Amino acid sequence: MALHVLDEANRCLGCKKPLCQQGCPIHTNIPEVIRLLKDNHLDDAGRMLFENNPLTTVCSLVCNHENQCEGHCVRNRMPSHDPVHFSIIEDYISTTYANKMTSGPAPKNGMKAAVVGSGPAGLTVAVLLARWGYDITIFDARDKIGGVMRYGIPNYRLPDSVLDDFQYRHLELKGIHVRPNTAIGKTITIDDLFRDGYKSVFIGAGLWKANAMHIKGETLGNVAFGIDYLANSKAFQLGDDIAVIGVGNSAMDCARTAIRNGARHVTCYARRDEKCISASEHEVRYAKLEGVGFRFCKAPVEIRENGIICRDTVKGDDGRFTQVEGSETFYPHTGVIVSVSQGSESTLVKTTTGIETNQRGLLTVNEDGSTTREGVFAGGDAVMGARTVVEAVAIAKKVAESMDSYMKSLPADTAPDPYSDIPVFSTPTSDVLTKQGI
């Protein structure tokens with residue numbers, strides 16, 4: 001592996017104006033990282049990666065490299081069209097260096113901040129604020145950290161061990177607290193957080209509400225929504241011939257997961273033509289390689305226990321696709337996965353005064369990530385809609401800086417502790433308990 005990585009690193013031309021860095025949403029200094037590796041300074045390269053991107057071990061595996069760093073590599077302009085595969089280099093450096101990260105938490109500055117949601121945006125904000133001395137608590141509705149990275153990306157693309165290692169090295173060792181199975185907006189509200197001394201709150205709760213097509217049959221027992229299927233695919237019994245409605249990245253994840261769960265036939269359906277595929281070319285190629293089929297210009301109008309009914313669609317002069325009446329065709333399938341899009345949950349917003357949302361239910365924020373409620377900031381999918389991990393990291397870095405500036409601008413807390421003088425109960429020692437016969 002190391003030899004292969006070094007061979008790949010040696011292909012880097014060290015451009016003075018690195019297009020690869022421009023193509024990276026968080027502007028990773030790729031040429032410098034590669035130079036450090038080639039000069040046998042792996043630790044320095046790893047430190048640079050983590051300082052720029054706390055989720056570098058994740059991004060090295062799940063980023064859309066073909067459209068970002070690797071897609072912008074100047075070697076693409078050569079006849080051989082063979083870009084430097086920085087994903088391989090980043091994975092090797094970040095994974096190797098991560099094993100050496102054992103330093104404890106930074107000195108505390110006396111202020112607390114809360115992070116709602118442990119997806120890519122929430123984890124980035126938490127790590128950065130902890131680096132700057134804030135006492136951080138992460139609240140997540142699920143039992144493990146990671147958000148969409150754990151429950152929305154299949155294990156074959158992003159192993160759980162990567163996130164487990166992140167929790168140990170970046171959260172536990174850094175003194176960041178995690179409260180699992182705690183959905184803010186139900187028993188605990190944002191008002192409660194401010195009552196308990198948190199100076200600022202970041203909302204990165206993600207999009208966990210599946211959007212329905214609102215066609216007949218979506219409630220049947222052989223149907224699953226994509227976000228629910230990816231969260232625990234083994235829980236669904238959909239048979240061996242599955243239809244996936246949608247052609248985005250989540251739909252590809254559903255299709256490829258179904259293949260791994262034993263489905264013999266998986267077919268993706270799209271309302272428009274092949275040009276409408278929003279999934280990355282990389283994911284589509286692998287889906288086809290693994291046997292996933294595609295049917296285009298098919299609009300589902302009804303789901304049945306043994307398949308789906310679709311109408312043909314045609315593209316008009318205005319570029320819009322319309323359904324052809326009378327073209328209904330039945331396609332037999334044992335199960336159906338609806339993977340068209342996701343929306344935001346509204347519980348948190350409904351229980352918090354002063355926070356506004358747009359027509360899509362996404363949080364309204366200013367350029368610095370602040371919401372319409374003072375002290376509350378937001379980022380990630382809850383603001384932008386479904387985006388990539390690295391895009392969430394990029395936004396979260398800017399929001400963390402805004403939260404830091406905001407909390408530093410607050411007046412010092414001089415209120416005395418009303419219980420500072422109460423007596424402290426002393427637990428009896430084992431010797432005392434023994435003498436008492438306990």
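Worth saying up front: this structure is predicted, and the values here are computed from it rather than measured.
- Looking at Thr189 and Asp191, their side chains never bring a donor and an acceptor atom within 3.5 Å of each other.
- Contact record, Ile395 with Gly380: CG2-N, 4.4 Å, taken as the closest heavy-atom pair.
- Across every non-hydrogen atom of Leu238 and Val336, the tightest pair is CD1-O, 4.5 Å.
- Residues Thr313 and Lys298 come closest through the heavy atom pair OG1-N, 4.1 Å.
- Aromatic ring orientation, Tyr97 versus Phe50: tilted (interplanar angle from 30° to 60°).
- With Val58 as the partner, the side chain to side chain contact (heavy atoms under 4.5 Å, CB included) test is satisfied by one option alone out of Val62, Leu61, Thr56: Val62.
- When all heavy atoms are compared, the tightest approach of Ser94 to Leu49 is N-CD1, 4.3 Å.
- Side chain of Glu66 to backbone of His282: a donor-acceptor contact under 3.5 angstrom is found.
- Closest approach of Met252 to Gly246, counting heavy atoms only: CE-O, 4.4 Å.
- Using the six-membered ring where Trp is involved, Phe139 and Tyr198 have ring planes that are perpendicular, over 60° apart on the 30 and 60° scheme.
- Remark: the Asn52 side chain and the Lys397 side chain contain an N/O donor-acceptor pair separated by less than 3.5 Å.
- Figure legend: Arg260 and Tyr156 shown as a cation-pi pair, the cationic atom lying under 6.0 angstrom from the six-membered ring centre and within 45 degrees of its axis.
- Using a cut-off of 4.0 Å between Lys/Arg side-chain N and Asp/Glu carboxylate O, Glu51 and Arg131 are scored as not salt-bridged.
- Around CG of Asp421, the count of heavy atoms belonging to other residues, nucleotides or ligands within 6.0 Å does not exceed 12.
- In summary, the side chains of Ser280 and Asn64 do not present any donor paired with an acceptor at a separation below 3.5 Å, with no hydrogens or angles considered.
- A salt bridge between Glu32 and Arg35 is present, with a side-chain N of the basic residue lying under 4.0 Å from a carboxylate O of the acidic one.
- Applying salt bridge (charged side-chain N to carboxylate O under 4.0 Å, His left out) to Asp164 and the options Arg150, Arg169, Lys144 leaves one that passes, Arg150.
- Asn109 contributes a side-chain N or O that, together with a main-chain N or O of Met111, makes up a donor-acceptor pair within less than 3.5 Å.
- At a threshold of 4.5 Å between non-hydrogen side-chain atoms, the residues Leu230 and Cys254 count as touching.
- A donor-acceptor contact closer than 3.5 angstrom is absent between the side chains of Asp368 and Ser402.
- Between the side chain of Thr371 and the backbone N or O of Val376 there is at least one donor-acceptor pair closer than 3.5 Å.
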